[in-house]
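Heads up, the thing below is written out as structure tokens.
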There are 4 protein chains.
Amino acid sequence: MTVRAAVAGASGYAGGELLRLLLAHPQVEIGALTGNSNAGQRLGALQPHLLPLADRVLEPTTPEVLAGHDVVFLALPHGQSAAVAEQLGPDVLVVDMGADFRLKDPADWEKFYGSPHAGTWPYGMPELPGARAALEGSKRVAVPGCYPTAVSLALFPAYAAGLAEAEAVIVAASGTSGAGKAPKPHLLGSEVMGSMTPYGVGGGHRHTPEMIQNLSGAAGERVSVSFTPTLAPMPRGILATCTAKAKPGVTAESVRAAYEKAFADEPFVHLLPEGQWPATASVYGSNAVQVQVAYDEAAGRIIAISAIDNLTKGTAGGAVQSMNLALGLDETTGLTTIGVAP
Amino acid sequence: MTVRAAVAGASGYAGGELLRLLLAHPQVEIGALTGNSNAGQRLGALQPHLLPLADRVLEPTTPEVLAGHDVVFLALPHGQSAAVAEQLGPDVLVVDMGADFRLKDPADWEKFYGSPHAGTWPYGMPELPGARAALEGSKRVAVPGCYPTAVSLALFPAYAAGLAEAEAVIVAASGTSGAGKAPKPHLLGSEVMGSMTPYGVGGGHRHTPEMIQNLSGAAGERVSVSFTPTLAPMPRGILATCTAKAKPGVTAESVRAAYEKAFADEPFVHLLPEGQWPATASVYGSNAVQVQVAYDEAAGRIIAISAIDNLTKGTAGGAVQSMNLALGLDETTGLTTIGVAP
Amino acid sequence: MTVRAAVAGASGYAGGELLRLLLAHPQVEIGALTGNSNAGQRLGALQPHLLPLADRVLEPTTPEVLAGHDVVFLALPHGQSAAVAEQLGPDVLVVDMGADFRLKDPADWEKFYGSPHAGTWPYGMPELPGARAALEGSKRVAVPGCYPTAVSLALFPAYAAGLAEAEAVIVAASGTSGAGKAPKPHLLGSEVMGSMTPYGVGGGHRHTPEMIQNLSGAAGERVSVSFTPTLAPMPRGILATCTAKAKPGVTAESVRAAYEKAFADEPFVHLLPEGQWPATASVYGSNAVQVQVAYDEAAGRIIAISAIDNLTKGTAGGAVQSMNLALGLDETTGLTTIGVAP
Amino acid sequence: MTVRAAVAGASGYAGGELLRLLLAHPQVEIGALTGNSNAGQRLGALQPHLLPLADRVLEPTTPEVLAGHDVVFLALPHGQSAAVAEQLGPDVLVVDMGADFRLKDPADWEKFYGSPHAGTWPYGMPELPGARAALEGSKRVAVPGCYPTAVSLALFPAYAAGLAEAEAVIVAASGTSGAGKAPKPHLLGSEVMGSMTPYGVGGGHRHTPEMIQNLSGAAGERVSVSFTPTLAPMPRGILATCTAKAKPGVTAESVRAAYEKAFADEPFVHLLPEGQWPATASVYGSNAVQVQVAYDEAAGRIIAISAIDNLTKGTAGGAVQSMNLALGLDETTGLTTIGVAP
């Protein structure tokens, strides 16, 4: 089986990473590539690392251009996916890499995005309880956010096993590609190299309700989340440090056992051997998730830490993984767990 | 007044930073410089950025070499300061940049360092309640650890004002110079560039009891601390994200007011205007501390964030600040709040 | 066809990169992995990015361990390959990633390496005139050095076309992985981040005679080389700026034509469109070579610039490319021209 | 003596670095600070590292605002300085940090900048033969470009001593702050971290005629220059690798002697001991220039390498050094040779 895939929004970082993965996917043929302000330009000028596509020219994002594909990936600014998806018909697999269809509660959407809620699609994090089945054969997929991917995979086993109190405290460091390719002064290399700085502090980051949704689903109760994202001087990678107070009776052994069980059959999530800690460099360019967990007896807290590549597992790799499930392919097709290191 | 200063341990990062600051101090004359394995070498080969001292030669760390100075700085491996200090006499100002004399509770020392406790000296963080007075005129100073500096200054106002519950959750990112100059594989540039990774997770980091000591002192009750340090791809800087559950009745205004009061007269700690967040680049090479605080009403937590240069305010700058107080000089002599940026 | 491959020296950067590529090679089965001081350790502790091999244990580098493979890769310190290769028999393909068999002139070897010359094997840079044919079916391959790869591919077309005078001036910047994984103070992250520094200046770098050999071969006359390597604050990548005085009558058009001709059929070397310049980020983790060339009429010089990944095309990718040719496989099997960017 | 200084263009990198230095200058009082698009903003929002000036507000760049100062620094886009300078009167010291008054030959200016030539002012590189005297007491100073500073100081001694042929080949790596603070896609942190890339290749960089002017002046004959700048993944620093063919009879000793003589009395230029090489990290934030030189006998070339901080000695430090000379102050006042390292 060969599927023909279009990418709407091929000039940004998410679109570029998606094309890198699709080029290596044995059952995908790359069809239309679209951009908005960049329509008409050679891809070689915008994504110089994608040599096999250097001479492809970006087209405008129109229904005519996107017609005739088996899969359409949407890597568009938030709020633009619904209008494009509507025109694609129910038989085309639409994989939305934006936020538009992730949240279940319209009030959450409206509070954090300030526009009417477009709906909810099957959520592309197969590792969450029940999520894989909903993706199989689906024609619509909402790809998770990068921070929610790192955080949810680090922490849901503690909640699913009933080990943690319903108040999570999370600090995550992200590489700068998570902030996109639009040039802004604070994202200049001169500013970010040698610097760590937080942003969206105090509950304001748009990924917060998505984390609450995922962790609450695992816990069976509302989990509150204190989330602080920080910008780190590296192009890629998220390191998420996630802690929650342990419930009475929890031991280091019960925590370890819950995590071993949660990830035993997962192809991309690796619980590291005790004593080894995740590093973003180890998952650079790969779809792997490295997880480690500790129980701090003195502080009475569970500390779960994950490392992902924000562009791969956190965006484009997660999208391909869900596409595979939706199309009935092996979930790991075209994806790797091997990082590019050092 | 001119004071003659010796530096024991001049070849490492702490010693090098100290010399950088002492060279700019108008009342200090640099005397003996010692090393151990590096004794006999030109400083220019070891600290090529200290051009005015390039032709100085390191001497061995002996009582004879260290005799005849007004101030002796000890930048030695943990556990070695007591023996050297004993030989220096009670009239010499001894500023210990190691951990040996920081902790009050011998049990904490023995648990985290595994050797007999050497004692407790006045603690070189003048910004803590009561600390400044204890430093004035003292002949012994224990310079705080780098992480405890960033964390305590971020969080003590919340505890001193009775705003926070006694369980703090802290995640901090440090530049690699905090790990020292001894070559180890995981500190190679090839390994650290592009990577974030945690270490000492679960309560094991030696700076944890020092934080607990400081925060408990401010709170008037035992504060438990969950502390996770991470290694960031930058040479210098610590960004500490410190959170604690707010006590009932706390508001954003009461939090802001407590921080404004705590730092109103501090020469080095700057509470940023609302909306601006600390960045390690802004304090690069300076003794400044940038602090910002937020109250996350949804999560019910106070989030206090600080940025310091781990080698300056976190080590050598803190040492000079305390030396100034001990000698009766203006506290800010030879120190700056201006970072080297971008 | 499936070939069974052993890797002697699997714990270093060259060995790790080779394994990353072999894991993705559809016709290779990974056999014995050896180390010296690291024998007995889990590969997961040494190469945490190679998750599928995490539980493999390194064996000692002995003839018994290396026996029974179709291909043996040697990623050993210089001077150790000959002794190991001798014991492997003439029917095993031996691919030496060290310097031992690269140089034709024993005097060059002895001058730069200070030991007796071991011999000369077919040289694994298929893009050089005549080199591809010598590799097809060979049982021995000498993989080129990283700098000579970048430099020779940038400059040989100018010499092969008779456009350049026989004195080349070359300055190259390399990522730190080129200096290996053995911990040394000047390679610490704290030292290399934010710094550019030269080394081996004035003709002393061991890769110099290899460049002279390659360029002289293309020119049909002895080419002198002034080569200055510099260490850049990045883990991977070489950017080589190579210039030579143009011969009389040379024009921008004749230079461009020579380069277009030289690389027209090459799968891995891409002459960029005019106006676009190589960037090491664009070839990160790939076997691609980006080349651009300009003619500076005012200075009368040809400036040819190339970007490679020093660990991929510069070491392990070059090794796999030559292995493919030696085994009669398609030259590009298991290799990509797509970089991991940004 | 206290001089009152205004800075026109205080929001960019050059202006920010100048203010950092002026804040530490014992005889300067900082007066008006101006911006264009940023007029009306707090400096704390634009230059968060300059804490003592955080509450200063930028004013528009008008004659009224700039009136009443002893010194006016112009950190304006190229081509704008002449109009502002005209209005300042002949008794005010005007220090132009742009390119407008650097070049002597109007044809050079017009070719590289495309506008009418404004004139030539005394050139602010006191280390060049004859330059210091022209600066003493001058009311106008043209601050050199960053690359010409690094290149001219590395190479003029070889030309002044008649050791080098009149064709220089130069490759330099610069930190990203040299490209300024205006946000452009290729300067994003995501793009520059981990990447080396050239630009302005083939003689097109605007600093080329300035280098030719300086080296030709030292040589007493027209020196041709092949100059290739590259962008390095660091915020600050220039490493310039400068080579020229040695004239007949040159020896390593004669080269060394020429450099020792040239810099014997220079306060900021340090010829390193043999065997030690310049590193940009060693001069971070300082006005020092590290120089080393080698004679490659096999290639017959002199290789001179310098490291500077592009924002300090390469821009703002050079400006302050010249201001000191123009005002009759000690040349080193307010400047340091001590870098911030590691």
Side-chain angles (χ1 to χ4, degrees), chain A residues 12-13 16-17 19-24 26 42 44-55 175-178 180-181 189 193-194 233-236 267-270 272-273 275-290 307 309 311-312 336-342, chain C residues 12-13 16-17 19-24 26 42 44-45 47-55 175-181 189 193-194 233-236 267-270 272-273 275-290 307 309 311-312 336-342:
Chain A
Y13 289 148
E17 180 73 353
L19 288 171
R20 184 176 77 83
L21 300 177
L22 294 181
L23 281 164
R42 286 178 67 250
L46 299 164
Q47 309 276 19
H49 60 300
L50 301 176
L51 284 177
L53 298 173
D55 293 326
T176 53
S177 61
K181 204 174 181 174
M193 288 186 284
M234 56 190 192
R236 288 174 175 238
F268 292 113
V269 189
H270 287 248
L272 294 173
Q276 191 176 346
W277 290 91
T280 61
S282 296
V283 296
Y284 206 92
S286 97
N287 207 50
V289 185
Q290 291 193 338
D309 185 316
L311 289 181
T312 322
T336 180
T337 59
I338 305 168
V340 183
Chain C
Y13 288 148
E17 180 73 353
L19 288 170
R20 184 176 77 84
L21 299 177
L22 294 181
L23 280 164
R42 286 177 67 248
Q47 308 275 19
H49 60 300
L50 301 176
L51 284 177
L53 298 173
D55 293 326
T176 53
S177 61
K181 205 174 181 175
M193 287 186 284
M234 55 189 192
R236 290 173 175 239
F268 294 112
V269 188
H270 287 248
L272 294 173
Q276 191 176 347
W277 290 91
T280 61
S282 296
V283 296
Y284 206 92
S286 97
N287 207 51
V289 185
Q290 290 193 340
D309 185 317
L311 289 180
T312 321
T336 180
T337 59
I338 305 168
V340 182

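- Interatomic distance, CG of Leu51(A) versus OG1 of Thr337(C), reported as 5.0 Å (0.5 Å rounding).
- Contact record, Leu311(C) with Tyr13(C): CD2-CB, 4.1 Å, taken as the closest heavy-atom pair.
- Counting heavy-atom pairs under 4.5 Å between each of Ala24(C), Ala288(C), Pro52(C), Gly285(C) and chain A puts Pro52(C) at the top.
- Between chain C and the residues Arg236(A), Gln47(A), Arg42(A), the largest count of heavy-atom pairs under 4.5 Å involves Arg236(A).
- In this structure, chain C has no heavy atom under 4.5 Å from any part of Leu53(A).
- Every side chain to side chain contact (heavy atoms under 4.5 Å, CB included) that Thr336(A) has, sequence neighbours left out, goes to Ser286(A), Ile338(A).
- Proximity to chain C (any heavy atom under 4.5 Å) is shown, for Pro278(A), by neither the backbone nor the side chain.
- Residues Thr312(A) and Leu21(A) approach most closely at CG2-CD1, 4.1 Å, considering heavy atoms.
- In this structure, chain A has a heavy atom under 4.5 Å from the side chain of Glu17(C), while its backbone stays farther away.
- Closest non-hydrogen pair, Pro342(C) versus Tyr284(A), comes out as O-OH, 4.1 Å.
- Contact annotation for Ser177(A): only side-chain heavy atoms (C-beta onward) come within less than 4.5 Å of a heavy atom of chain C.
- Residue Leu19(C) does not touch chain A at all, counting heavy-atom pairs closer than 4.5 Å.
- Residues passing the side chain to side chain contact (heavy atoms under 4.5 Å, CB included) test with Ser282(A), sequence neighbours excluded: Ala279(A), Gln290(A), Pro48(C), His49(C).
- With a 4.5 angstrom heavy-atom cutoff, Val340(C) touches chain A via backbone and side-chain atoms both.
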